[in-house]
**Student:** 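Have a look at the structure that comes next, please.
Whatever order the structure lists ligands and atoms in, that order sets their numbers, starting from 1. Positions are given from 1 along the sequence.
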Amino acid sequence: MSLDGHYDPSNIFGKILRGEMPSAKVFENDDVYAFMDVFPQTRGHTLVIPKRSQARNFLEESPLQLGALMQGVQIVAKAVRSALNPDGLVITQFNGTAAGQTVFHLHFHVIPRWEGQAVGRHASGGMADPSELRALAAEIAAKIEA
Ligand code: AMP
């Protein structure tokens with residue numbers, strides 16, 4: 001999909017927000033929802049999405065919503081750090097198929113990194129065990145300071 005187009009509410013994250021698809025929830029407030037990536041690039045790979053937005057990508061998001069969204073990303077990133085003690089954290093976001101985007105509901109990736117440990121391929125590694133993801137989500141959720 002190109003950078004231009006219409007928001008399709010049947011995208012996977014739209015379904016997660018409506019409770020039509022399961023997710024390992026980490027955090028939620030009025031503006032954002034955070035959950036574990038099912039194809040994690042590292043242990044603890046978490047996604048943060050706006051709840052009330054129909055932005056497919058960063059360029060389409062209302063500037064007024066960005067503050068709350070980025071605050072949510074920081075809250076989650078701090079909790080990931082606190083729960084998993086990584087050496088570093090990648091926070092990333094893709095816009096358009098050519099850039100690597102595969103789900104067209106705006107989202108940020110929070111990917112903890114450890115020295116000497118490889119990172120998996122984007123959106124194409126193995127699927128994580130759902131019960132392991134739920135346990136990780138609970139560990140991270142316990143460290144949320146909002
Ligand atoms: P992007 O490629 O930047 O659009 O990121 C989409 C991300 O969503 C990828 O990292 C996928 O692994 C992840 N993903 C796809 N389906 C699901 C799902 N049902 N639950 C959680 N994460 C998902």
Side-chain angles (χ1 to χ4, degrees), residues 1-63 65-81 83-84 86-114 117-144 146:
M1 270 200 217
S2 80
L3 284 175
D4 300 306
H6 294 290
Y7 181 83
D8 176 359
S10 69
N11 77 78
I12 241 162
F13 295 169
K15 288 183 178 170
I16 286 174
L17 283 174
R18 292 191 299 273
E20 297 165 10
M21 286 269 301
S23 65
K25 174 178 161 180
V26 167
F27 173 66
E28 180 173 20
N29 65 15
D30 284 350
D31 300 296
V32 306
Y33 185 79
F35 55 104
M36 305 310 297
D37 195 304
V38 287
F39 301 104
Q41 290 184 253
T42 66
R43 182 173 177 273
H45 182 168
T46 307
L47 299 168
V48 185
I49 67 178
K51 273 169 64 169
R52 292 178 294 178
S53 168
Q54 297 222 320
R56 296 179 318 133
N57 59 48
F58 189 65
L59 305 182
E60 291 178 359
E61 185 56 294
S62 147
Q65 295 297 321
L66 285 179
L69 175 57
M70 295 315 297
Q71 218 175 324
V73 172
Q74 190 188 54
I75 286 168
V76 170
K78 284 182 174 179
V80 169
R81 185 201 178 172
L84 305 178
D87 299 312
L89 280 168
V90 175
I91 294 172
T92 191
Q93 190 274 320
F94 302 87
N95 300 281
T97 306
Q101 185 175 10
T102 57
V103 178
F104 290 83
H105 178 116
L106 173 60
H107 53 281
F108 282 79
H109 298 258
V110 175
I111 305 174
R113 296 292 310 269
W114 288 267
Q117 284 191 23
V119 64
R121 295 221 332 261
H122 173 70
S124 58
M127 194 163 186
D129 175 61
S131 60
E132 240 170 71
L133 283 187
R134 281 196 298 275
L136 259 177
E139 261 185 74
I140 298 168
K143 298 293 184 180
I144 291 281

**Student:** Please write down residue, atom name and distance for the protein heavy atom closest to atom 11 (C) of ligand 1.
**Tutor:**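 Going by distance alone, atom 11 (C) of ligand 1 is nearest to Asp37 OD1, 3.4 Å.
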**Student:** With the threshold set at 4.0 Å, does a side-chain nitrogen-carboxylate oxygen contact exist between Arg43 and Glu139?
**Tutor:**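 So Arg43 pairs with Glu139 through a salt bridge.
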**Student:** More than 12 heavy atoms of other residues, nucleotides or ligands under 6.0 Å from NZ of Lys25: is that the case?
**Tutor:**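 Result for NZ/Lys25: enclosed.
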**Student:** Which of the numbered atoms in ligand 1 are under 4.0 angstrom from any heavy atom belonging to Phe35?
**Tutor:**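 What qualifies from ligand 1 is 21 (C).
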**Student:** Should the pair His122 and Phe94 be assigned to parallel (<30°), tilted (30 to 60°) or perpendicular (>60°) ring geometry?
**Tutor:**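 Tilted.
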**Student:** Using a 4.0 Å cutoff against the non-hydrogen atoms of Ile16, which atoms of ligand 1 qualify?
**Tutor:**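 Per the distance check, 20 (N).
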**Student:** Would Tyr7 and Asn11 count as having a side-chain donor-acceptor pair, cut-off 3.5 Å?
**Tutor:**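 Yes, because at least one side-chain N or O of Tyr7 sits under 3.5 Å from a partner of the opposite role on Asn11.
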**Student:** Checking side-chain contact (heavy atoms from CB on, under 4.5 Å) between Leu106 and each of Gln54, Arg56, Gln93, Glu60, which is the one that passes?
**Tutor:**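 With Leu106 as partner, side-chain contact (heavy atoms from CB on, under 4.5 Å) holds for just one option, Gln93.
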**Student:** In plain terms, say whether Lys51 and Asp31 are close enough for a salt bridge, that is, a side-chain N and a carboxylate O under 4.0 Å apart.
**Tutor:**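 No, no charged N to carboxylate O under 4.0 Å.
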**Student:** For ligand 1, find out whether one of its N or O atoms is nearer than 3.5 Å to an N or O atom of His109.
**Tutor:**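 Among all N and O atoms of His109, at least one is under 3.5 Å from an N or O of ligand 1.
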**Student:** Give me the nearest non-hydrogen protein atom to atom 5 (O) of ligand 1 as residue plus atom name, then the distance to 0.1 Å.
**Tutor:**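 Protein heavy atom with the smallest distance to atom 5 (O) of ligand 1: His107 NE2, 2.9 Å.
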**Student:** Report the nearest protein non-hydrogen atom to atom 19 (N) of ligand 1: residue, atom name, distance rounded to 0.1 Å.
**Tutor:**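 For this ligand atom, the closest protein heavy atom is Met21 CE, 3.8 Å.
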**Student:** Is the number of heavy atoms from other residues, nucleotides or ligands within 6.0 Å of CD (Gln117) greater than 12?
**Tutor:**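 Buried by this count: over 12 neighbours within 6.0 Å.
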**Student:** Which atoms of ligand 1 are found less than 4.0 Å from any heavy atom of Thr102?
**Tutor:**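 Selected atoms, number and element: 1 (P), 2 (O), 4 (O), 5 (O), 6 (C).
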**Student:** Would you check whether Val103 has a nitrogen or oxygen atom less than 3.5 angstrom from a nitrogen or oxygen atom of ligand 1?
**Tutor:**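 Yes, since at least one N or O of Val103 sits under 3.5 Å from an N or O of ligand 1.
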**Student:** With only distance considered, is Gly100 within less than 3.5 Å of ligand 1 through an N or O on each side?
**Tutor:**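 Min N/O separation from ligand 1 is below 3.5 Å for Gly100.
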**Student:** Considering only heavy atoms, which of His122, Gln101, Met127, Gln93 lies nearest to atom 2 (O) of ligand 1?
**Tutor:**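 Result: the heavy atom closest to atom 2 (O) of ligand 1 is in His122.
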**Student:** Show me which atoms of ligand 1 lie under 4.0 Å from any heavy atom of Phe94.
**Tutor:**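 The list of qualifying atoms is 3 (O).
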**Student:** Short list, please: which atoms of ligand 1 are under 4.0 Å from a heavy atom of Met36?
**Tutor:**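 Result: 21 (C).
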**Student:** Does the Arg18 side chain pair with the main chain of Pro9, one donor and one acceptor, at a distance under 3.5 Å?
**Tutor:**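 Confirmed, Arg18 side chain pairs with Pro9 backbone.
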**Student:** Looking only at heavy atoms of Phe104, does any of them come nearer than 4.0 Å to an atom of ligand 1?
**Tutor:**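 Heavy atoms of Phe104 never come under 4.0 Å of ligand 1.
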**Student:** For ligand 1, is any non-hydrogen atom under 4.0 Å from Phe13's backbone (N, CA, C, O), its side chain (CB onward), both, or neither?
**Tutor:**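 Contact part for Phe13 vs ligand 1: side chain (C-beta onward).
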**Student:** Can you tell me the protein heavy atom closest to atom 23 (C) of ligand 1 and the distance?
**Tutor:**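 Ranked first by proximity to atom 23 (C) of ligand 1 is Val38 CG2, 3.5 Å.
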**Student:** Is it the case that over 12 heavy atoms from other parts of the model lie below 6.0 angstrom from the CZ atom of Arg113?
**Tutor:**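 Yes.
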**Student:** Would you mind listing which atoms of ligand 1 come within a distance below 4.0 Å of any non-hydrogen atom of Leu47?
**Tutor:**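 The atoms of ligand 1 under 4.0 Å from a heavy atom of Leu47 are 8 (O), 22 (N).
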**Student:** Examine the side chains of Asp4 and Ser2 and answer whether a donor and an acceptor come within less than 3.5 Å of each other.
**Tutor:**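 Judged by distance alone, the side chains do not pair up.
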